[in-house]
Amino acid sequence: MDYNFSDIENSAREKWAKEDIYKVSNDTSLPKYYVLDMFPYPSGAGLHVGHPLGYIASDIFSRFKRLKGFNVLHPMGWDAFGLPAEQYAIQTGQHPAITTKNNIDRYKSQMNMLGLSYDWSREYKTSDPAFYKWTQWIFLKLFKSWYNNKTKKAEPIEDLIAQFEKSGTKDIHAACGEELNFSAEEWKGYSEKEKSDILFNYRLAYLSEAWVNWCPALGTVLANDEVKDGVSERGGYPVERKLMPQWSLRITAYAERLLNGLDTIEWSESMKEAQRNWIGRSEGCSLEFKIESGRYKVTVFTTRPDTVFGVSFITLAPENELVGKITPDSHKAKVEEYVNLAKNKTERERQAEVKKVSGEFTGAYAIHPFTGKEIPIWVGDYVLAGYGTGAVMGVPAHDSRDHAFAKHFGLDIPIVIEAPEGWDILKESYDGKTGKCINSDFLNGLEVKEAIRVVIEEIENRGLGKGKVNFRLRDAAFGRQRYWGEPIPIYYKTVVSRQSSVVSEIPVALEESELPLILPPIDKFQPTETGDPPLARATDWKYKDKDGKEYHYEYTTMPGWAGSSWYYLRYMDPNNANEFASKDAISYWQNIDLYIGGAEHATGHLLYFRFWTKFLFDYGLVPFEEPAKKLVNQGMIQGVSAFIIRVNFVWYQLKNIDMTGAKIPAVYISKEVVDSLPNNEIVSNEIIKLFHSSFLKLNPKFTNKIHEENIQLRSYAYTNIHIPVSMVSDKDELNIDMYSEDWFAKEKLSPTNQVPIFFPQNSKYICVREVEKMSKSKYNVVTPDDVIAQYGTDTMRMYEMFLGPLEMSKPWSTQGISGVYNFLRKFWKLFFDENDAFVGVDPRVDPPTTATPIDTGLTHGSTPTATPTPIELKILHKTIKKIEEDMERLSFNTSVSAFMICLNELQELKCNKRAILEPLVICLSPFAPFICEVLWSKLGHTSSVIKASYPKFEEKYLVENTFSYPVSFNGKTRFMLELPLNISKEEIEKQVLASEDAQKWIKDQNIKKVIVVPNKIVNIVLG
RNA sequence: GCCCUGGUGGUGGAAUUGGUAGACACGCAGGACUUAAAAUCCUGUAUUCAUUGCGAAUGUGCGGGUUCAAGUCCCGCCCGGGGUACCA
């Protein structure tokens, strides 16, 4: 009986569907284990071969944990809100909900094809009101909270209001936008609008005028992590800086906890580092400089207060409010011109001009707090408005940017640190190097580290500033001028101010009972003519109060990362209408034990979902501070693209069609062309750019082939590569001719269903191979569908694991897939005898004598007739142990090879004993569930192999009484010597030295030393 | 620039705590079966030299070092991948 993967898959699928095998219960006494994949945004392209890498790994691990007796939560859902669906809607008018649904269906069928063991009864999509009700609910919770720096947690805003009413801002240590000072009386005197504005300074979800990343092409605001190199991550459109009212989340309040929490979780070092850098904690102090005129003062933040005597100027950010206030009339025109110029620059221009020094003298001077000297105040766009105080003290001798600035404008460069050797004091910053203060009054002679401590003390004593910790992390922009997202549950109440009778709007939160605020239908997805977000188009979408008065809702929607910030909790209790998840469900499942997903979410999702978890923790809504104990980032499977540049093609008409009904064209490359391919065909990006106008990009199958064939150019003759006709559609430009069938005859090739593209000997071309992220626009996408159709799911699963370590990125290639396929075929054959019947395995004897853990669901018999030999048992238990160890460190590639080794050895012994093969089927089942399920039932089990128990490893079968010692001389291994295990070091040494082989190597040389490491090695040092 | 990663045969990769480098697989070469091909099976396969057999030397990006012993640890470089970028 041959290995027929499609029959096998069908029969296994049928069985699982009947038993609803992946259903997970919350109500169990078993220990829990939570394995989660980052849920995907279902894009139009479907899954490509890169997606399953993580899914397969987590699936194998889940199945393994189940065999080990855990109740495993392994769910999947959909991150359904997002930009692409809306962009598509704008272009086509098709509602994003429809596109999204179609895409989800496609994804789901592909996932099922991969045999992923998700409990689909827990599936949801973030765009479903039953789900986003709770996203809105958490938003409201944030809106109604402030962060108390004293208790280090979020607290209800009512408590803060109560304190304001009692004693104003006295003794309040809150995370806030700016430090405010008012008394209880003042607070009580404020208008409703003023109170609302003040509270926004403290709320964790707040509305404020903020500099945002505005993307005109997308018509929306983007978060910092959605902007790359000054352009939008999605689409690559230019991004500008714009001041506008903006919903934000006060993630900065959690900066310290987000940073410290990293030490408690098992994430890769690079991931933690990326988050640490993004949070960017730096210690230093604030320092005030009085301005000459006396009315104003500048506060700077510095990490190097020890260099305070080296300050020769102060620079303000162009956006700093002080600029307008302190600039004397004599300098006003020039300064304003500069400020406007700087403000109007796009992010990209600003970044591109990083190395260009620009600035303007304000005409104002500050007084040095220690020397009393006058210091000129400048404006410069190298100072960022959003970081620290938007002002820096210029220490040109010890900071490279200040140095460049001073040099450019001819300012003084006083040296205040003695440069130790190896430290280019003008160019490099201080990073743990040592140096002593000079020309610094009371700091003279002190080490940098010590000087920082002393000077901060002095600054604090004189009331000039205080030691401070600054974070690079900014609050997260939370509003998008978009339709396809969660509506923000806020409406705007109009109020008339008592004093001025000015009408203003106050944002008011919906009541919990009014949730969800449902996304209304709209006719067009563009912004309105007045520039309002698309939601302003919604008709009959108003908040009505008790008196029937109508107010408009917030028009912006939540960003893509809102739903994903808490989604992992919903799987625990997905249909709960009263809570985001019940307390019982959360306390059973706890946080994620293993989280698998792409590393590209390092500073986005992975930071936000830690933030939301900590927030929920503060209210006792979840009993843990970190959402994921262990995180593994699967590597990216890259696409390979080939570029054929300046080439003449010869075209052959399609004749046949393949089994799916599609025409399969192919490409032939002549021997001459291949022979002349440069060995190193990977040309740098520079060349690609140079030829950008004249190359044709080819489909990945073609590319893989080029990749493979180049390796073996010597024996290379011809290759045929499938290539979609659409890919060569610009054939006119490529001078493509029909080619005759004679040519095929001559070349001994079959022209059936092939479109040959011929590279004549004299054509000029360059072939370039490029490895990059798979993307539809790059024509380098390979879907798992084709691979599965050809080799089956079990092969696909094992092959993706066999490619290499999970975390490593690698280009996709099917080179080597036959190794895995052959393995499964041979494994299958092990169960059948020469007559192709499933009698190869010995039957069991009726009636059962003893119960063993592996005979769950057995219909007949229990004791195998054939007794396994010690060597067979050794092979089995060696494998059981190895797989278990590899699982612990998620080393799936080595487990696959362990199975191969095991099979090779059993094949050698022609072993077909039930006692060996039955446990092996269980071990292999997480990797190749289909074949194992079918073999399992052929072995006589009625229940699924999924319900089996992982075989118990028995050390006793591996015990050896001899060890084969490698004996080396001066570190070089010369021969092996088999010795008993239980003899002493001295005895080993004696026996080794006495051996014939050793004598041959020693001859008359002097033995200096003999190192014996029991069970490892013997090394003899001669000389 | 800074931070993180990685660099091992023709290829993907293995070597888990410093202890036989190259497991496993692909590819390739030779052989068996076959009219032939495919499939399958067997043998070989790091490099160089030697080859009648035995062998020998070199070898984990480069240069040093520690050690009886280094792919693994230390110092200094080079190259690839990812992140970040006036963060004071």
Side-chain angles (χ1 to χ4, degrees), chain A residues 228-229 268-278 280-282 284 300-304 307 315 350-351 353-355 357 380-384 386-395 399-402 404-405 427-429 431 470-474 599-600 602-603 633 635-636 638 707-708 710-715 771 799 802-805 807-811 813-820 822-823 825 885-886 888-889 891 893-894 896-901 904 964-976 1008-1013 1015-1023:
Chain A
K228 287 239 151 69
D229 303 324
S268 72
E269 205 41 50
S270 62
M271 192 56 41
K272 289 184 182 182
E273 246 347 270
Q275 293 215 342
R276 282 190 194 111
N277 291 338
W278 191 259
R281 184 181 195 274
S282 59
V300 300
F301 172 77
T302 178
T303 56
R304 294 291 308 281
T307 61
T315 315
R350 242 180 124 117
Q351 285 184 10
E353 289 169 13
V354 161
K355 290 199 177 69
V357 177
D381 69 358
Y382 79 95
V383 180
L384 302 175
Y387 183 76
T389 58
V392 301
M393 59 181 214
V395 187
D399 180 280
S400 58
R401 295 149 309 179
D402 294 344
F405 195 80
K427 290 191 188 125
E428 294 171 50
S429 57
D431 54 354
N470 234 328
F471 293 95
R472 204 193 76 119
L473 183 72
R474 312 283 173 82
E600 67 272 21
T603 53
N633 302 112
M636 207 183 353
Q638 295 135 322
H707 171 51
E708 286 164 32
N710 263 324
I711 298 151
Q712 296 292 339
L713 281 180
R714 291 157 310 201
S715 57
V771 175
Y799 180 61
F802 192 56
L803 275 174
E807 288 101 324
M808 206 181 274
S809 288
K810 50 230 153 191
S813 148
T814 49
Q815 174 185 41
I817 196 165
S818 58
V820 172
N822 284 340
F823 162 77
R825 271 176 35 203
E885 285 169 356
D886 284 351
E888 286 314 312
R889 51 191 186 108
S891 177
N893 56 328
T894 51
V896 175
S897 85
F899 282 122
M900 289 173 169
I901 294 168
N904 289 346
S964 186
Y965 281 90
V967 180
S968 39
F969 293 84
N970 292 337
K972 274 180 196 155
T973 309
R974 295 303 182 183
F975 64 91
M976 306 297 289
K1008 264 187 169 165
K1009 201 172 172 186
V1010 179
I1011 288 120
V1012 177
V1013 185
N1015 298 340
K1016 276 270 164 69
I1017 199 167
V1018 176
N1019 189 17
I1020 298 161
V1021 188
L1022 301 171

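Sequence lines set the chain letters: A, B, ... in the order given, protein chains first and strands last, and positions in each chain run from 1.
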* Side chain of A/Asp399, backbone of A/Val395: donor and acceptor closer than 3.5 Å? -> no
* To do: Under 4.0 Å between any heavy atoms, over every strand shown, what does A/Ser270 touch: base, sugar-phosphate, or nothing? Just pick one.
  => sugar-phosphate
* For RNA chain B, list all stems, counting runs of three or more consecutive pairs where every pair is Watson-Crick or G-U wobble with both distances under 3.5 Å. => B:1-7 with B:78-84, B:10-12 with B:24-26, B:27-32 with B:40-45, B:46-49 with B:55-58, B:61-65 with B:73-77
* Looking at every strand, decide which applies to A/Arg825 at a 4.0 Å heavy-atom threshold: base, sugar-phosphate, or nothing. => sugar-phosphate
* Nearest nucleotide by nearest heavy atom, which residue falls closer to the 5' end of RNA chain B, A/Met976 or A/Gly390? -> A/Met976
* Using the P atom on both, measure B/A15 against B/C68 and round to a whole Å. => 28 Å
* Quick one: which of B/A85, B/U16, B/C4 gets closest to the side chain of A/Glu273? -> B/C4
* Structure fact -> Regarding the side chain of A/Gln815, the nearest nucleotide among B/U11, B/C86, B/A23 is B/U11
* Asked: What does A/Ser818 touch in the nucleic acid at a heavy-atom separation under 4.0 angstrom: a base, only the sugar-phosphate, or nothing?
  -> sugar-phosphate
* Asked: When you measure from the side chain of A/Thr603, which nucleotide among B/U84, B/U16, B/A25 comes out closest?
  -> B/U84
* Asked: What distance, rounded to whole Å, do you find between the two P atoms, one in B/U67 and one in B/U47?
  -> 35 Å
* What interatomic distance, in whole Å, is found between C1' of B/C4 and the corresponding atom of B/A88? -> 24 Å
* Rounded to whole angstrom, note down the C1' distance from B/G9 over to B/U5. => 23 Å
* With rounding to the nearest 0.5 Å, note down the distance linking CE in A/Met271 to OG1 in A/Thr603. => 9.0 Å
* Asked: Do any side-chain nitrogens or oxygens of A/Asn893 fall under 4.0 Å of OP1 or OP2 in B/G12?
  -> no
* Asked: Does a nitrogen or oxygen in the side chain of A/Ser282 sit under 4.0 Å from OP1 or OP2 of B/A88?
  -> yes
* Asked: Picking from B/A85, B/A56, B/A23, which would you name as closest to the side chain of A/Ser897?
  -> B/A23
* Are OP1 or OP2 of B/A88 and a side-chain N or O of A/Tyr387 less than 4.0 angstrom apart? -> yes
* Closest to the A/Arg889 side chain, choosing from B/C24, B/A15, B/A88 -> B/A15
* Structure fact -> From OH of A/Tyr965 across to C1' of B/G19 the rounded distance in Å is 12 Å
* Asked: With rounding to whole Å, what would you report as the distance between B/A70 and B/C75 at their C1' atoms?
  -> 15 Å
* To do: Rounded off to whole Å, could you give me the NZ-to-P distance for the A/Lys1016 and B/A21 pair?
  => 14 Å
* Derivation and outcome, side chain to side chain contact (heavy atoms under 4.5 Å, CB included), residues A/Asp402 and A/Tyr382 -> CA-CA 9 Å; A/Asp402 294 344; A/Tyr382 79 95; 2.8 Å; yes
* Asked: Can you name the side-chain contact (heavy atoms from CB on, under 4.5 Å) partners of A/Asn970, sequence neighbours left out?
  -> A/Val1021, A/Leu1022
* **Atom-to-atom span, NZ of A/Lys810 to P of B/G81 - whole angstrom** => 18 Å
* Within less than 4.0 Å of OP1 or OP2 of B/C86, is there a side-chain N or O belonging to A/Arg472? -> no
* To do: Just jot down the side-chain contact (heavy atoms from CB on, under 4.5 Å) partners of A/Ser964, sequence neighbours excluded, or say none.
  => A/Met976, A/Glu978
* Expressed in whole Å, how much space separates the P atoms belonging to B/A85 and B/A14? -> 32 Å
* For A/Asn1019, enumerate each residue passing the side-chain contact (heavy atoms from CB on, under 4.5 Å) test, keeping only those at least two apart in sequence or located in another chain. => A/Ser968, A/Ile1011
* Asked: A/Asn470 near the nucleic acid: base, sugar-phosphate alone, or nothing, with a heavy-atom cut-off under 4.0 Å?
  -> nothing
* Is there side-chain contact between A/Glu269 and A/Lys272, with heavy atoms separated by less than 4.5 Å? -> yes
* Chi class for B/G83: syn within 90° of 0, otherwise anti -> anti
* Structure fact -> note: A/Ile817, atom CD1; B/C24, atom P; distance rounded to Å ~ 21 Å
* B/G13 C1' sits how many Å from A/Tyr799 OH, rounded? -> 11 Å
* Quote, to the nearest angstrom, the C1' distance that separates B/U84 from B/G76. => 26 Å
* **Test item: A/Ser891 side-chain N/O and A/Asp886 main-chain N/O as donor-acceptor pair under 3.5 Å** => no
* Asked: A/Val1010 near the nucleic acid: base, sugar-phosphate alone, or nothing, with a heavy-atom cut-off under 4.0 Å?
  -> nothing
Enumerate the protein-to-nucleotides 58-61 of chain B contacts in which both atoms are nitrogen or oxygen and the separation is below 3.5 Å.
from  : atom 1 : to       : atom 2 : distance (Å)
B/U58 : OP2    : A/Lys972 : NZ     : 3.3

* Atom-to-atom span, CG of A/Leu473 to P of B/G83 - whole angstrom -> 19 Å
* B/C42 versus B/C26 - spacing of their P atoms, nearest Å -> 12 Å
* **Residue whose closest nucleotide on RNA chain B lies nearer the 5' end, A/Val1018 versus A/Ser809** => A/Ser809
* Asked: Rounded to the Å, how far apart are A/Met808 CE and B/U5 P?
  -> 13 Å
* **Sugar-phosphate only, base, or nothing, as touched by A/Leu384 at under 4.0 Å among non-hydrogen atoms** => base
* Please examine the side chains of A/Leu473 and A/Arg281, heavy atoms only from C-beta on, and report whether any two atoms are closer than 4.5 Å. => no
* Parallel, tilted or perpendicular: rings of A/Phe823 and A/Phe899 (30°, 60°) -> tilted
* Structure fact -> Heavy atoms of A/Arg889 and A/Thr894 approach each other most closely as NH2-OG1, 4.1 Å
Polar pairs (N or O, both sides) under 3.5 Å between protein and nucleotides 63-70 of chain B?
from  : atom 1 : to        : atom 2 : distance (Å)
B/C68 : O2'    : A/Asn1019 : ND2    : 3.0
B/C68 : O2     : A/Asn1019 : ND2    : 2.8

* To do: May I ask you to evaluate whether A/Asn822 reaches the phosphate of B/U40, defined as a side-chain N or O under 4.0 Å from OP1 or OP2?
  => yes
* Verdict with reasoning, A/Asn1015 to A/Tyr965, per side chain to side chain contact (heavy atoms under 4.5 Å, CB included) -> CA-CA 7 Å; A/Asn1015 298 340; A/Tyr965 281 90; 3.9 Å; yes
* Considering only heavy atoms from C-beta outward, does the side chain of A/Asn893 approach that of A/Met808 to under 4.5 Å? -> no
* Grab the CZ-C1' distance between A/Phe802 and B/A23 for me, whole Å please. => 10 Å
